[in-house]
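One is the number of the first residue; the rest follow in order along the sequence. FYI, side chains are in, hydrogens and waters are out, and symmetry mates aren't considered; it's all heavy atoms of this structure.
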Amino acid sequence: MLPLDEIRTLMNEHDDPLHLERPRDFDAEASARRFALLTAALERRFGPSGSAGLYQDASVYGRFSVGGDDAGPAGNLWVELSNFGGFVTAGTGGDWTADSAADLSAEFVTWLDETCTAAGCVFVPLDVLLEPYDGPTPTLVDEDRDFVEMLTALGLDDEDDEDDDMQAVWADRYFDYV
């Protein structure tokens, strides 16, 4: 795996607030090829229990999911490819949390990193993507924060809400709807 500082540098280099969904020089054929290679490797590993799908209106290109017992003890394994930088990440469960990354075995992470390298991708550990995003590109979290601030200004907010610390993370930039 690339050193984490190098991964962070790559994420910063690919960030462009003028191109939210895909980079200016997006290569649709290269992304399709990368996703096909990843999907084929994941299908060989997990068999027919996996399924793949593509996204629209998002900075994420596609997702491969494995459910049930075939995903291992954590259940519901997913692997996603971003439209940016050939970034790939993985987790378990339904939410993007630190626990989603903790449930991945070291053996699987090593295998996925090698698979990503062979497919021309960069594996980005989920915990790096969950670091606070401080780049120039607006995210959906920013829109949510603006909405909450507007409700507060109008006196319509719920005082018991604990959304005061809404902070975008790198996953919001490279693996979310735009």
Q: For Y177 and Q56, does a side-chain donor sit closer than 3.5 Å to a side-chain acceptor?
A: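 Result is no, nothing qualifies.
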Q: For E131, give me all partners under side-chain hydrogen bond (donor to acceptor under 3.5 Å, both in side chains), at least two apart in sequence or on another chain.
A: R8
Q: Restricting to non-hydrogen atoms, name the atom on G85 and the atom on V122 that form the minimum distance, rounded to 0.1 Å.
A: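 The answer is O-CG2, 4.1 Å.
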Q: May I ask you to test the L20-T137 pair for a side-chain heavy-atom distance under 4.5 Å?
A: yes
Q: Grab the two heavy atoms, one from A101 and one from D127, that are nearest each other, plus how far apart they are.
A: CB-N, 4.5 Å
Q: Hey, could you give me the OH/CD distance between Y55 and E80, rounded to the nearest 0.5 Å?
A: 4.0 Å
Q: To the closest 0.5 Å, what do you measure between CZ (R63) and CG (L81)?
A: 12.5 Å
Q: Has S31 got a side-chain atom pairing as donor or acceptor with A28's backbone, closer than 3.5 angstrom?
A: no
Q: For the atom pair CG (D113) and CG (L2), what is the distance rounded to the nearest 0.5 Å?
A: 7.0 Å
Q: Give a yes or no on whether the backbone of H19 and the side-chain of R24 come within a donor-acceptor separation of less than 3.5 Å.
A: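 Answer holds: no.
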Q: Report the distance from atom CH2 of W78 to atom OG of S51, rounding to the nearest 0.5 Å.
A: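 Nearest 0.5 Å value for the CH2-OG distance: 14.0 Å.
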Q: Give the minimum heavy-atom separation between N76 and G67, together with the two atoms involved.
A: OD1-CA, 3.6 Å
Q: Any donor and acceptor pair, going by atom type alone, linking the side chain of D15 with main-chain N or O of G135 inside 3.5 Å?
A: no
Q: Q167 side chain to Y133 main-chain N or O, any donor-acceptor pair under 3.5 Å?
A: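 Side chain of Q167 to backbone of Y133, a donor-acceptor pair under 3.5 Å: yes, one is there.
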Q: Between V109 and M1, is any pair of side-chain heavy atoms under 4.5 Å apart?
A: yes
Q: Please lay out, stage by stage, how V79 and L42 fare under the test side-chain contact (heavy atoms from CB on, under 4.5 Å).
A: CA-CA 9 Å; V79 176; L42 289 159; 4.0 Å; yes
Q: Charged N to carboxylate O under 4.0 angstrom, E114 versus R45?
A: no
Q: Counting distance only, does the side-chain N/O of T92 pair as donor-acceptor with the main-chain N or O of S100 below 3.5 Å?
A: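 Yes, the answer is positive, given that a donor and an acceptor are paired below the 3.5 Å cut-off.
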Q: Taking S59 for its side chain and D176 for its backbone only, find out whether a donor-acceptor pair lies under 3.5 Å.
A: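 Pair found, side chain donor or acceptor close to backbone of D176.
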Q: Of the non-hydrogen atoms in A168 and T139, which two are nearest, and what is the gap between them?
A: CB-OG1, 3.5 Å
Q: Got a second to check how far F35's CZ is from L37's CG, nearest 0.5 Å?
A: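 F35 atom CZ to L37 atom CG measures 11.5 Å (nearest 0.5 Å).
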Q: Whether the side chain of N83 engages the backbone of A58 through a donor-acceptor N/O pair (distance < 3.5 Å, no angle test) should be reported.
A: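 Yes: the side chain of N83 pairs with the backbone of A58.
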Q: Would you say the side chain of R173 lies within less than 4.5 Å of the side chain of F84, judging by non-hydrogen atoms?
A: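 Answer yes - side chains close enough.
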Q: Knowing that exactly one of I7, N12, V128, L130 qualifies, which makes a side-chain contact (heavy atoms from CB on, under 4.5 Å) with W170?
A: N12
Q: I want to check something: taking the side chain as every heavy atom from C-beta on, are L104 and L112 in contact at a cut-off of under 4.5 Å?
A: no
Q: Report yes if the side chains of S82 and V124 come closer than 4.5 Å at any heavy-atom pair, otherwise no.
A: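 Not touching, per the 4.5 Å side-chain cut-off.
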Q: Report yes if some heavy atom in the side chain of L38 is under 4.5 Å from a heavy atom in the side chain of C121; otherwise report no.
A: yes
Q: Applying the ring-ring contact (aromatic ring centres under 6.0 Å, His included) criterion to F87, which one of F175, F123, Y61, Y174 satisfies it?
A: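 When ring-ring contact (aromatic ring centres under 6.0 Å, His included) is applied between F87 and each of F175, F123, Y61, Y174, only Y174 qualifies.
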